[in-house]
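A short write-up of the structure that comes next.
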Amino acid sequence: MVQRIVEAARIESLDPSAIPRLRMPERATIFAARAARLVQLADASNPIAGYLRLMAALADAQQRVLAGFNAPMPSRASIELNQRHSMPIVPALTDARDPAWRDVLFMLLDGIEAAGALTPALTQLVGRLRATDAAALDSQADAVLALRFAEIDPAAAPFIAAALQVVWTDLASRIDTKDVPYLDTPGVCPVCGSVPVASIVRVGGAYDGYRYAQCGLCATELHVVRAKCTNCDSTKGIAYHVMGTGDEPESEKSARAKSAPLKAESCDECGTYRKIGYQDKAYDFEPYADDLASLTLDLLMGEAGYRRAAPHPWLWPEHSEDDR
Ligand SMILES: [Zn+2]
Ligand SMILES: [Zn+2]
């Protein structure tokens, strides 16, 4: 009997259709796990430790708000229409955004305030956001979701993004994976149409050994094969980069590369990179948190001439005047 079960499992692993295509967010733990990981990564050696602790308070607030939040689910007809057109099932770019996202924003601001996480500059920012009218908040949300950098206020955008994440993560956590269509566009979340932040090679259960790219908005994870660009689908010109001292001997470099729990995967075809984490080397690796906390690797990748495939929703580049 045991023999037969083992054999069936082995055969299944040879069948690509057996790979779980999606891993939906766990609504009971998704943001709490991020918060815990951010605290873990905010050690003395991290140059942005203070920011990571603030964002941990924000993720904790997201978890509490999500627990009591239920956005209206799309109708059967709208699900089927989007399936027929290979469109994301609950598109982020929509004219019908749930206005409750603004209430979520204010609850998150209350949450970080109650956590005592605010510096004077942040107190000012929170006051400014509370005083912003609905139409202006909605246009900030549109700019963040459409990545229209010239219109984004980089200081406010993490909080706008956090509120939108609660709404879409709520939807994603209640969607039946069988309803999620296949899209024609590579590198885009089939649930909400947003771009992923980073990827993770998971351990355990049905996901063991497979790589998933985590959506920066709804936290859905989409299976992506390894050694393939998550931005343009190219399998040519892929390389991996790890943090190093730069002057160590080659043998130490390759040992470091083998054991690194986090790497940047670059693509020479499109000139971008995304980070990839290995859960067998860091079990608590959380793509969103680990991506944010490894800003030093971003700086090195920038020096090496690569661009991020997508910005981190909690760390927006200051745009220069020429972008306007
Ligand atoms: Zn998504
Ligand atoms: Zn590429």
Side-chain angles (χ1 to χ4, degrees), residues 20-27 30-31 34 62 66 71 73-74 78-79 82-83 86-94 97-98 101 141-142 144-147 160-177 179-200 211-241 263-276 286-288 291 301-302 304-314:
R21 177 184 161 234
L22 296 164
R23 183 176 178 276
M24 307 311 275
E26 285 285 346
R27 71 180 285 135
I30 175 79
F31 296 122
R34 276 183 192 169
Q62 284 180 301
L66 177 63
M73 289 293 277
S78 119
I79 289 176
N82 289 4
Q83 285 168 339
S86 301
M87 294 265 294
I89 195 161
V90 281
L93 294 171
T94 169
R97 182 166 52 234
D98 185 353
W101 85 269
D142 290 339
V144 163
L145 292 171
L147 304 179
I160 303 276
L164 298 167
Q165 284 163 353
V166 171
V167 177
W168 265 273
T169 303
D170 164 53
L171 291 169
S173 73
R174 291 185 287 138
I175 276 169
D176 187 342
T177 54
D179 279 340
V180 180
Y182 285 81
L183 308 188
D184 302 329
T185 341
V188 165
C189 172
V191 170
C192 75
S194 299
V195 283
V197 272
S199 68
I200 174 171
R211 171 161 82 142
Y212 290 86
Q214 190 188 65
C215 175
L217 180 66
C218 75
T220 296
E221 293 184 9
L222 175 68
H223 173 252
V224 282
V225 299
R226 296 209 220 174
K228 184 178 190 178
C229 175
T230 55
N231 186 53
C232 75
D233 253 4
S234 171
T235 50
K236 280 188 303 187
I238 304 293
Y240 296 88
H241 312 254
K263 296 177 188 173
E265 183 184 70
S266 67
C267 168
D268 288 336
E269 291 293 303
C270 67
T272 71
Y273 69 94
R274 251 194 197 101
K275 293 173 197 159
I276 173 169
E286 203 288 322
Y288 192 88
D291 186 12
M301 292 305 288
Y306 295 101
R307 297 175 283 118
R308 281 186 65 98
H312 192 288
W314 285 359

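Each ligand, and each atom within it, is numbered from 1 in the order the structure gives.
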Quiz item: Which count of protein N, O or S atoms is obtained for distances strictly below 2.8 Å from the Zn ion (ligand 1)?
Solution: 4
[X] side chain to [Y] backbone, donor-acceptor under 3.5 Å:
{"X": "R274", "Y": "T230", "result": "yes"}
{"X": "R211", "Y": "V225", "result": "yes"}
{"X": "S173", "Y": "D170", "result": "yes"}
{"X": "Q83", "Y": "D179", "result": "yes"}
{"X": "R21", "Y": "V180", "result": "yes"}

Quiz item: Quick one: salt bridge (Lys or Arg N to Asp or Glu O under 4.0 Å) partners of R23, sequence neighbours excluded?
Solution: E221
Quiz item: Side-chain contact, heavy-atom cut-off 4.5 Å: R97 with L145?
Solution: yes
Self-check item: Least distance between heavy atoms, P287 atom then Q214 atom
Solution: CB-OE1, 3.6 Å
Can I get a per-line list of side-chain donor-acceptor pairs under 3.5 Å for residues 304-312, giving both atom names and the distance, sequence neighbours left out?
residue: Y306; atom: OH; partner: D268; partner atom: OD1; Å: 2.8
residue: R307; atom: NH2; partner: C270; partner atom: O; Å: 2.9
residue: R308; atom: NE; partner: A310; partner atom: O; Å: 2.8
residue: R308; atom: NH1; partner: D291; partner atom: OD1; Å: 3.0
residue: R308; atom: NH1; partner: D298; partner atom: OD1; Å: 3.0
residue: R308; atom: NH2; partner: D291; partner atom: OD2; Å: 2.7
residue: R308; atom: NH2; partner: A310; partner atom: O; Å: 3.3
residue: H312; atom: ND1; partner: W314; partner atom: N; Å: 3.0
residue: H312; atom: NE2; partner: Y288; partner atom: O; Å: 2.9

Quiz item: What is the number of protein N, O or S atoms that sit under 2.8 Å away from the Zn ion (ligand 2)?
Solution: 4
